[in-house]
Amino acid sequence: MTSPDTRPAYYLTTAITYPNGAPHIGHAYEYISADAMARFKRLDGFDVFFLTGTDEHGLKIAQTAEKEGITPKEFVDRQAAVYREVHELLGTSYDRLIRTTDPDHYGAAQDIWKRMEANGDIYLGKYEGWYSVRDEAFYAEDETVVRDGVRYSKESDTELTWTAEESYFFRLSAYQERLLALYEAQPEFGAPRYRFNEVISFVKHGLEDLSISRTSFDWGVPVPDAPGHVMYVWVDALTNYLTGVGYPDVESAQFARFWPADLHIIGKDISRFHAIYWPAFLMSAGLELPRRVMIHGFLQNNGVKMSKSLGNVVAPADMIAQYGLDPVRYFLLREVPFGADGSYSHDAIVGRKNADLANNLGNLAQRSLSMVAKNCGGAVPEPGAFTAEDEGLLARAADLLRVNREAYAVQDFHGALEQTWRVLGDTNAYFAEQAPWVLRKTDPARMATVLYVTLQVVRTVATLAQPVMPESCGKLLDLLGVTDDGRDFAALDAPLTPGTPLPAPVPVFPRHEEPAA
RNA sequence: GGGGCCGUAGCUCAGCUGGUCAGAGCAGAGGACUCAUAAUCCUUUGGUCGUGGGUUCAAGCCCCACCGGCCCUACCA
């Protein structure tokens, strides 16, 4: 028998991806940020459940499949595999890769539907308007424009057809006050603040009931006891967060442990669905609400919006092949304040890779470790009494755990890395000032102390940066003689053990090399 | 039409409730060192803080207008 798990639970999700097209770096950005969060919490002693996956229903999927002459299921099987490969490539430490076509998800979506219906929030009505197949959205008359006898959406410039169909509606209008009360009582429910404010403002302007079923296609979760109706996107898609942890079996150990979710990480394009519809659905169904919806921005290529028509869409695999996985992970989380839109460029990525990783961290590790290898018998040196400089630096390094916790608590990956690297800068200055290569001849004991202090800082940084660069930091910890069970944050309480034998040092963060022309 | 955001050194940006607030990193220049991945350290050149007014003893920081970039939202056509 295993003893009961006393660790606190932590449940986080990414949005589920609509796998109609090819993966791009924006998808990777969301996965990487969530993965860093998940790894951080695990290292900090939490029992983490990390859910990500694909949203596989809807008209567009059905149409694309038809165009390719295959069934929707065949199409999404293929596409889900494509996205799974992206996760493998990124090293995403997910616990489940959910698909909305998974059998258990059908049961979950139908169950929450019944709960909302039982609560009197679902009614049958008629939906009509100008419909864009491509956007899967209706547009009001004034949102359209007629050109050459064909009506287009002003917003997306897609072709529209007048469509009228019977549809079930969710009584979203009844939830305005309760949602506003939620935002008031739980100001951290949505973040960053400037994006959450837009959501709140939208709710304050009033909410209309939401069409939640379709009869015009059948590639979706069937509406219970309503032949011909399939669920229209949001009830189906959002419910994945429940399915992932065992719903509708609300009595299950997994559901009891992990629901409500601690964090949904999503893109700014779907903030309303997560900060308005989702809590309303859950209120209606009598389920607990997630604690936080973190809204990230979009990445631009050299300051230019990525788009297929511009041909500047970068595939995750290409970027990783060019710069390496960990440098890409580091760059994306360090360069862009999480929540804001960001931009990547070759120069910016190479700059971070070389300056922050190869020079500040990699070289510091290499220079200190190689001195230890040559002058300290290839083992963690025995320090003497610490000077004020030693103590000061060690204290700043020790404080980084607190700093990182505070930053990760609000998904401030950029700030966490910035502050961590600042200590690395201090350490490089310390190393130069102490000049252990001079002490080697004049005061070997003092040299040993300086090297010990330096290794201790490098070890602290390597430990704390594992969520961002798992592989590289793992190698660095190997070089520092840190065993597998000494790599979580709790292990930082104990300093490096003098005398621990170390392997021969090898560079972990190489400078960027341009491929030969 | 409402509401909001942004415009600070070449680049990316910090600057909370007005009084060392003119800063950081990168890039550039000079010097040092040689343990190290031509890495590191020290020093240093750059800014009328978008423009024009105003309030104040004192304004990137408050107010008004304007220019430029952007977002949310409403509505007339």
Side-chain angles (χ1 to χ4, degrees), chain A residues 140-146 154-155 190 192-208 268-269 271-272 275-276 295 297-298 300 302-305 324 327 331 334-337 339-376 381 389 412 414-415 417-442 444 446-448 450-451 454-455 458 472 475-476 479 504-513:
Chain A
E141 183 91 20
D142 61 345
E143 291 176 304
T144 69
V145 60
V146 177
K154 280 183 188 172
E155 187 183 321
R193 194 68 218 180
Y194 54 91
R195 295 201 190 283
F196 190 30
N197 283 343
E198 288 180 354
V199 169
I200 295 171
S201 159
F202 184 83
V203 174
K204 281 183 176 164
H205 279 283
L207 296 171
E208 292 182 4
K268 65 178 184 180
D269 55 327
S271 58
R272 277 187 211 165
I276 301 174
I295 308 161
F298 288 165
Q300 301 189 324
N302 255 309
V304 179
K305 187 173 175 175
F331 172 81
R334 170 63 184 85
E335 188 79 2
V336 184
D341 288 342
S343 183
Y344 58 86
S345 67
H346 175 73
D347 288 351
I349 298 171
V350 171
R352 289 292 176 196
K353 181 178 176 181
N354 286 345
D356 291 7
L357 300 182
N359 299 351
N360 290 341
L361 175 56
N363 183 60
L364 177 65
Q366 185 62 14
R367 67 198 303 210
S368 52
L369 283 166
S370 84
M371 280 203 77
V372 167
K374 290 171 188 165
N375 306 296
C376 304
E389 286 77 16
D412 179 13
H414 151 268
L417 292 168
E418 182 177 24
Q419 305 231 58
T420 301
W421 254 252
R422 189 162 296 161
V423 173
L424 233 28
D426 292 344
T427 311
N428 270 311
Y430 164 88
F431 201 83
E433 189 182 334
Q434 300 297 323
W437 57 93
V438 173
L439 295 169
R440 179 182 55 182
K441 299 165 194 158
T442 60
R446 176 62 194 154
M447 174 199 72
V450 169
L451 291 175
T454 303
L455 293 194
V458 172
S472 307
K475 284 184 189 168
L476 197 46
L479 296 177
V506 291
V508 174
F509 295 98
R511 289 180 61 79
H512 185 71
E513 283 180 34

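Each chain gets a letter, A, B and so on, in the order its sequence line appears, and its residues count up from 1.
The interatomic distance linking A:Asp347 (CG) with B:C26 (C1') rounds to 11 Å, in whole Å. Remark: C1' of B:A39 and CG of A:Leu424 are 13 Å apart, rounded to the nearest angstrom. Atom CG in A:Asn428 sits about 9 Å away from atom P in B:C42, given to the nearest Å. The nearest whole Å value for the distance from the CZ atom in A:Arg195 to the C1' atom in B:C70 is 12 Å. Per the geometry, CZ belonging to A:Phe431 stands 11 Å off P belonging to B:C35, to the nearest Å. Between A:Ile349 atom CD1 and B:C26 atom P the separation is 18 Å, expressed in whole Å. Residue A:Lys204 contributes atom NZ, which lies 16 Å from atom P of B:A74 at whole-angstrom precision. B:C71 atom P lies 17 Å from atom CD1 of A:Ile295, rounded to whole Å.
B:A22 sits 9 Å from B:G60 when the P atoms are compared, rounded to a whole Å. B:A77 and B:G3: their C1' atoms are spaced 23 Å apart (whole Å). Nucleotides B:C26 and B:G46 are separated by 14 Å at their C1' atoms, to the nearest Å. Taking atom C1' in both B:A32 and B:C13, the straight-line distance is 30 Å, to the nearest Å. When the C1' atom is used for both B:U48 and B:G7, the distance is 16 Å, rounded to whole Å. Nucleotides B:G4 and B:A65, compared at atom P, are 12 Å apart to the nearest Å. Across B:U44 and B:U51, the matching P atoms stand 28 Å from one another, rounded to whole Å. One P atom belongs to B:A27, the other to B:A39, and the distance between them is 9 Å to the nearest Å.
For A:Asn428 (side chain) and A:Asn360 (main-chain N/O), a donor-acceptor pair under 3.5 Å exists by modelled atom type. A donor-acceptor pair under 3.5 Å links the side-chain atoms of A:Ser368 to the main chain of A:Leu364, judged by distance alone. Within the 3.5 Å criterion, the main-chain N or O of A:Leu424 finds no donor-acceptor partner in the side chain of A:Tyr430. Between the side chain of A:Asp341 and the backbone N or O of A:Phe298, at least one donor-acceptor pair lies under 3.5 Å.
Contact annotation: A:Asn354 does not reach the phosphate of B:A39 (side-chain N/O to OP1 or OP2, under 4.0 Å). The phosphate of B:U37 has neither OP1 nor OP2 within less than 4.0 Å of any side-chain N or O from A:Arg367.
Helical stems in RNA chain B, defined as runs of 3 or more consecutive Watson-Crick or G-U wobble pairs with donor-acceptor distances under 3.5 Å: B:1-7 with B:67-73, B:10-13 with B:23-26, B:28-32 with B:40-44, B:50-54 with B:62-66.
Looking at the side chain of A:Trp437, the nearest of the listed nucleotides B:U37, B:C33, B:C41 is B:C33. Side-chain proximity of A:Ala429 to the nucleotides B:U37, B:C42, B:C35 is greatest for B:C42.
At a threshold of 4.0 angstrom between heavy atoms, the contacts of A:Asn375 with the nucleic acid are absent. Across all strands, A:Pro436 comes closer than 4.0 Å to no nucleic acid atom at all (heavy-atom distances). Across all strands shown, A:Tyr194 has no heavy atoms under 4.0 Å from either base or sugar-phosphate atoms. Residue-level contact check: A:Val350 touches neither bases nor backbone, having no heavy atom under 4.0 Å from any strand. Contacts of A:Ser370 with the nucleic acid, taken as non-hydrogen atoms under 4.0 Å apart, involve only primed sugar atoms and P, OP1 or OP2. Counting any heavy atom pair closer than 4.0 Å across all strands shown, A:Ala358 reaches a base atom. Nucleic acid contact class of A:Gly362 (heavy atoms, under 4.0 Å, all strands): base.
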| request: Could you go through the side chain to side chain contact (heavy atoms under 4.5 Å, CB included) check for A:Val336 and A:His414 one step at a time? | output: CA-CA 6 Å; A:Val336 184; A:His414 151 268; over 6 Å; no
| request: Determine, step by step, whether A:Leu361 and A:Trp421 satisfy the side chain to side chain contact (heavy atoms under 4.5 Å, CB included) criterion, reporting the C-alpha distance in whole Å, the side-chain angles of both residues, the deciding distance to 0.1 Å, and the verdict. | output: CA-CA 8 Å; A:Leu361 175 56; A:Trp421 254 252; 3.8 Å; yes
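A donor and an acceptor atom sit less than 3.5 Å apart, one in the side chain of A:Asn363 and one in the base of B:A36.
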Identify all side-chain donor-acceptor contacts of residues 347-357 of chain A below 3.5 Å with residues at least two apart in sequence or on another chain.
| unit_1 | atom_1 | unit_2 | atom_2 | d |
| --- | --- | --- | --- | --- |
| A:Arg352 | NE | A:Glu335 | OE1 | 2.6 |
| A:Arg352 | NH1 | A:Asp356 | OD2 | 3.1 |
| A:Arg352 | NH2 | A:Glu335 | OE1 | 3.2 |
| A:Lys353 | NZ | A:Tyr323 | O | 3.1 |
| A:Lys353 | NZ | A:His512 | ND1 | 3.1 |
| A:Asn354 | OD1 | A:His512 | N | 2.7 |
| A:Asp356 | OD2 | A:Tyr330 | OH | 2.7 |

| Base versus backbone protein contacts along nucleotides 3-8 of chain B [heavy-atom cut-off under 4.0 Å; B, S, -] | ------
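For B:G46, the base adopts the syn conformation, since its glycosidic angle falls within 90 degrees of zero.
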